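No experiment lies behind these values; they were computed from the predicted model shown. Lettering follows sequence order; numbering is per chain, from 1.
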Protein chains: 2
Amino acid sequence: MAPMSSPSPKFELFTQFAEVAKALGNPHRLAILELLAQHERGVDDVASAARLSVANASQHLRLMRKVGLLVSRRNGTQILYRMSDPAVLDLVRALHRVGERNVAEVREIVGGYFRQRDALEPVSREELARRMRDGLVTVLDVRPEDEFDAGHLPQAINAPLRELEKQLRDLPKDRAVVAYCRGPYCVFAFEAVALLRQHGFNARRLEDGFPEWKAAGLPVV
Amino acid sequence: MAPMSSPSPKFELFTQFAEVAKALGNPHRLAILELLAQHERGVDDVASAARLSVANASQHLRLMRKVGLLVSRRNGTQILYRMSDPAVLDLVRALHRVGERNVAEVREIVGGYFRQRDALEPVSREELARRMRDGLVTVLDVRPEDEFDAGHLPQAINAPLRELEKQLRDLPKDRAVVAYCRGPYCVFAFEAVALLRQHGFNARRLEDGFPEWKAAGLPVV
DNA sequence: AAACTATTCAACGTAATTATTGAATTGCAT
DNA sequence: ATGCAATTCAATAATTACGTTGAATAGTTT
């Protein structure tokens, strides 16, 4: 109805915030952010890691710098970009959480993964710790490789979901498998368990995920 | 260089996440989210509160539902929308934090507000509490009105930044003024102090913001 | 100074987003 | 059934976003 009479102060603020969100609204830029979450990188470096043209990577980086997600510094001939602040990582993590939850729900409706819900009951941390001590279980970390590298359960095998199918032949069929992920909403663990069961494994998922395991004071590598 | 050979699994995930961020990348939708953070509302209700046409509001709402930020239910003839999950509010808050910090930095560079940094040293919570008991200070809440209504410091006057200038004449000039905001990065308090000083007030800002005051167990209305 | 490297700029075509309009649904009430 | 209210759909026009290309800039090396 009303055609936006005055550009209210609140609206201006929301416009600012929206600029930040827009800068996150592109898969390539999210990939770049993940790269820069580890350490600062030059444009060329980012471009090849993200499989983008240099000019395109430069555009993305400059946009994110413009809205305050990144900062840059010059080192000789190259420009190094990095995340501006831990709050940016918090923001990205919050986005991942919401996105993951959404993926999980879509799968639940479309594919019906959660039908046999009892079959997917999680293993408690305590139970897994006990079975690990007895050497009776294969532990599968289905998070992306870099998160695995930054810390994981002892004896865990890293098998990012899309590579899990290839790695199936290397898993002993006579041992139970417990898969874990980033946290309670992370859909990877559910999917991993479903896939493993399809291939005849005795598979279950760990309750919650790696951060909760670590926070509970259980051993980490 | 390489034109994106295969649509990698990681890229698909990031595409999902980017859809969520895109849905946040519009000032009207952020305004709608703030409305729905309070309680669920019908389309018509949202449209008039956000000053949008009904069809336009419907489009925004459906988009946010599609990416999982909102859910809806039917109640007779109307459709009620609400936030799907507390994680969505966390995401919005994280976005606000980054956006606020960004606004603050821009102002710092352009306007030089933070030049006389010592003059803007914050008042500690304890000091403010003491001075409030002695009745020696005017307390200014420069957050938006709805946040003020949801809880504020005792005796505080709500003066959203853009309305502060109008309210200046009503403030007693012989009393010190302490302004506070959402938190440590919130730029409103800085700007309020700068404006008050321009007009001859003895003004300072409170350390951190309202949530921290409340968390410290100090009195709240 | 010239050659080289890394990055940015400018211009272009394609695609996506936004708000508007008017028509089409959907459920409820008469 | 018919009419009514709330919402959604479909088509449109204006704006903005995206990636490519080739040229331009800034700093380093010879």
Side-chain angles (χ1 to χ4, degrees), chain A residues 1-5 7 11 14-16 18-33 35-36 40-67 69-82, chain B residues 1-5 7 11 14-16 18-33 35-36 40-67 69-82:
Chain A
M1 289 279 160
M4 186 62 53
S5 55
F11 186 79
F14 282 140
T15 301
Q16 282 277 351
E19 290 302 310
V20 178
K22 270 188 212 169
L24 295 176
N26 175 288
H28 293 303
R29 287 197 288 270
L30 291 179
I32 291 173
L33 280 174
L35 292 171
L36 297 181
E40 69 178 359
R41 293 170 188 256
V43 178
D44 206 46
D45 187 4
V46 169
S48 60
R51 309 182 114 259
L52 298 171
S53 75
V54 173
N56 193 203
S58 174
Q59 285 178 345
H60 284 308
L61 289 165
R62 290 176 56 68
L63 173 61
M64 290 194 280
R65 184 178 64 187
K66 184 173 153 233
V67 303
L69 293 172
L70 304 180
V71 293
S72 65
R73 70 185 178 92
R74 168 154 246 144
N75 181 6
T77 156
Q78 60 176 349
I79 308 279
L80 297 175
Y81 283 86
R82 65 174 189 279
Chain B
M1 287 280 159
M4 186 60 53
S5 54
F11 186 79
F14 283 139
T15 301
Q16 282 278 348
E19 290 302 311
V20 178
K22 271 188 211 168
L24 295 175
N26 177 287
H28 293 303
R29 287 197 289 270
L30 292 178
I32 290 173
L33 279 175
L35 292 170
L36 296 182
E40 68 177 358
R41 293 171 187 256
V43 177
D44 206 45
D45 187 3
V46 169
S48 59
R51 309 180 115 261
L52 298 171
S53 74
V54 173
N56 194 203
S58 173
Q59 286 177 345
H60 285 308
L61 289 166
R62 291 176 56 66
L63 173 61
M64 289 193 281
R65 184 177 64 185
K66 184 172 152 234
V67 304
L69 293 171
L70 304 179
V71 293
S72 65
R73 70 184 178 93
R74 169 154 246 142
N75 182 4
T77 155
Q78 62 177 346
I79 308 277
L80 298 174
Y81 283 87
R82 65 174 189 280

Test side chain to side chain contact (heavy atoms under 4.5 Å, CB included) applied to B/Arg82 and B/Val71, step by step: CA-CA 6 Å; B/Arg82 65 174 189 280; B/Val71 293; 3.7 Å; yes
Worked check of ring pair (Phe, Tyr, Trp, His ring centres under 6.0 Å) between B/Phe14 and A/His28: CA-CA 8 Å; B/Phe14 283 139; A/His28 293 303; 9.8 Å; no
Contact pattern, 5' to 3', of nucleotides 2-18 of chain D - B, S or - by protein heavy atom under 4.0 Å: ----SSBBB------SS
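Taking atom CG of B/Asn75 as the reference point, atom C1' of C/dC28 lies 12 Å away to the nearest angstrom. Between the NZ atom of B/Lys66 and the C1' atom of C/dA16 there is a distance of 11 Å, given to the nearest Å. In this structure, B/Arg51 atom CZ and C/dT18 atom C1' are separated by 19 Å, rounded to whole Å.
By the 4.5 Å heavy-atom criterion applied to side chains, A/Val43 and A/Gln78 are not counted as neighbours. No side-chain heavy atom of A/Leu52 sits less than 4.5 Å from a side-chain heavy atom of A/Val46. Taking 4.5 Å as the limit, some side-chain heavy atom of B/Leu80 sits within range of a side-chain heavy atom of B/Arg73. In this structure, the side chains of B/Glu19 and B/Lys22 come closer than 4.5 Å at one or more pairs of heavy atoms.
Taking the C1' atoms of five terminal pairs at each end of the helix from C/dA1-D/dT30 to C/dT30-D/dA1, the two resulting helix axes are inclined by 20°, rounded to 10°.
Side chain of B/Arg74 to backbone of B/Gly76: a donor-acceptor contact under 3.5 angstrom is found. At distances below 3.5 Å, not a single donor-acceptor pair connects side-chain atoms of B/Ser58 with backbone N or O atoms of B/Val54.
Look at A/Ser53 and you'll find a side-chain N or O under 4.0 angstrom from OP1 or OP2 of D/dT20.
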